[in-house]
Amino acid sequence: MKGYIFDLDGVIVDTAKFHFLAWKKTARYFGFDLTEALNEKLKGVSRVDSLKKILDWAGTTISEDEFEKLATEKNEDYLQYVNKMTSKDVLPGVYEFIEKLKKEGCPVALGSASKNAPKILKKTGLYDMFDAIVDGNSVTKAKPDPEVFLIAARKIGVKPEHCIVFEDSEAGIEAANVAGMTSIGIGDKRVLIDADQVFSNFIEIKEKFINQLH
Ligand code: B16
Ligand code: MG
């Protein structure tokens with residue numbers, strides 16, 4: 001039996017756009033525009049590492065206190081969007097896809113860098129669908145380190161080589177590949193070049209493809 005591990009932001013829910021808007025504001029504070037291309041480098045990356053990258057791009061350094069303050073402000077901005085989320089914000093085809101896996105008895109886990117993952121899953125009504133939830137609160141190393149996916153595999157009792165990871169970020173695809181798992185990109189083929197396969201969304205993933213994976 002295969003195990004299925006889902007990233008959260010940008011795969012299950014479209015919160016990637018909320019992270020983008022909130023980080024754009026931080027970048028503006030440092031006097032530059034966060035473009036979509038630069039934002040790709042932030043996807044899947046932890047809050048702290050994302051802010052470090054922004055400071056790097058701005059060519060500046062700040063005190064620990066200011067760092068803490070900016071990270072907190074970014075999260076408060078982000079949560080203003082998250083607090084309005086409902087089950088309508090689950091991306092097309094995701095609910096049905098996970099439900100089908102569950103009906104077939106396949107173990108399903110969440111593997112996300114986000115510390116807000118439990119809140120988002122509860123707001124969208126998906127929390128109880130997962131056999132294991134591994135998120136930014138339970139890992140010590142951020143993607144592209146494979147830790148998050150390896151812990152998820154252990155929790156659902158499936159060997160890494162029998163796990164299939166769904167990811168929208170370059171860092172996450174790298175983490176899945178390093179973990180020795182099958183990596184399925186959700187998004188743009190031109191960006192997720194290291195994924196084993198790429199689909200634009202879950203509607204596109206045909207039943208035939210899932211049956212091949214089992
Ligand atoms: P938070 P994922 C990641 O979630 C996001 O892609 C990334 O943009 C974000 O900085 C990171 O979570 C931390 O999120 O600030 O909510 O703890 O894609 O791994 O589900
Ligand atoms: Mg993501």
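Order of listing sets the numbers, starting from 1, for every ligand and every atom in it. Below, all heavy atoms of this structure are taken into account, side chains as well, without hydrogens, waters or symmetry copies.
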*Asks:* Tell me the contacting part of L42 for ligand 1: side chain, backbone, both, or neither, using a 4.0 Å heavy-atom threshold, strictly below.
*Replies:* backbone

*Asks:* Examine D9 and say whether one of its N/O/S atoms is closer to the Mg ion (ligand 2) than 2.8 Å.
*Replies:*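 Here the distance criterion (N, O or S atom, under 2.8 Å) is met by D9, so yes.
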
*Asks:* With heavy atoms of K115 as the reference, note each atom of ligand 1 found under 4.0 Å away.
*Replies:* 1 (P), 16 (O), 17 (O)

*Asks:* Tell me the protein heavy atom at minimum distance from atom 18 (O) of ligand 1, and give that distance in Å.
*Replies:* D7 OD1, 2.9 Å

*Asks:* Output yes when a side-chain donor or acceptor of D33 lies under 3.5 Å from a complementary backbone atom of T35, and no otherwise.
*Replies:* no

*Asks:* Do any nitrogen or oxygen atoms of S112 lie less than 3.5 angstrom from nitrogen or oxygen atoms of ligand 1?
*Replies:*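 Between S112 and ligand 1 (N or O atoms, distance only) the closest approach is under 3.5 Å.
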
*Asks:* As a check for students: among A175, G136, G172, S114, identify the option with a heavy atom nearest to atom 16 (O) of ligand 1.
*Replies:* S114

*Asks:* Enumerate the atoms of ligand 1 whose separation from the nearest heavy atom of S50 is less than 4.0 angstrom.
*Replies:* 10 (O)

*Asks:* Can you tell me which residue and heavy atom of the protein come closest to atom 5 (C) of ligand 1, and the distance to 0.1 Å?
*Replies:* D9 OD2, 3.3 Å

*Asks:* So, is R47 polar-close to ligand 1, with some N/O to N/O distance under 3.5 Å?
*Replies:* yes

*Asks:* Of all the heavy-atom pairs spanning K43 and A171, show the shortest one and how long it is.
*Replies:* O-CB, 4.0 Å

*Asks:* Find all atoms of ligand 1 within a distance of less than 4.0 Å from any non-hydrogen atom belonging to L8, and give their numbers and elements.
*Replies:*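 The list of qualifying atoms is 20 (O).
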
*Asks:* Going by the atom numbers of ligand 1, which of them fall below 4.0 Å from some non-hydrogen atom of N116?
*Replies:* 1 (P), 16 (O)

*Asks:* Can G44 be said to touch ligand 1, with heavy atoms closer than 4.0 Å?
*Replies:* yes

*Asks:* Is ligand 1 under 4.0 Å from a heavy atom in the side chain of V45, in the backbone, in both, or in neither?
*Replies:*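 Answer for V45: backbone.
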
*Asks:* Strictly under 4.0 Å, does any heavy atom of E167 approach an atom of ligand 1?
*Replies:* no

*Asks:* S50 pairs by side-chain contact (heavy atoms from CB on, under 4.5 Å) with which of L42, L55, N39?
*Replies:* L42

*Asks:* Assess, by modelled atom type and distance only, whether the side chains of N116 and N75 contain a donor and an acceptor separated by less than 3.5 Å.
*Replies:*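 On atom types as modelled, these side chains qualify, holding a pair under 3.5 Å.
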
*Asks:* Can you check whether M85 reaches F18 side chain to side chain, under 4.5 Å on heavy atoms?
*Replies:*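 With C-beta onward as the side chain, the pair touches.
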
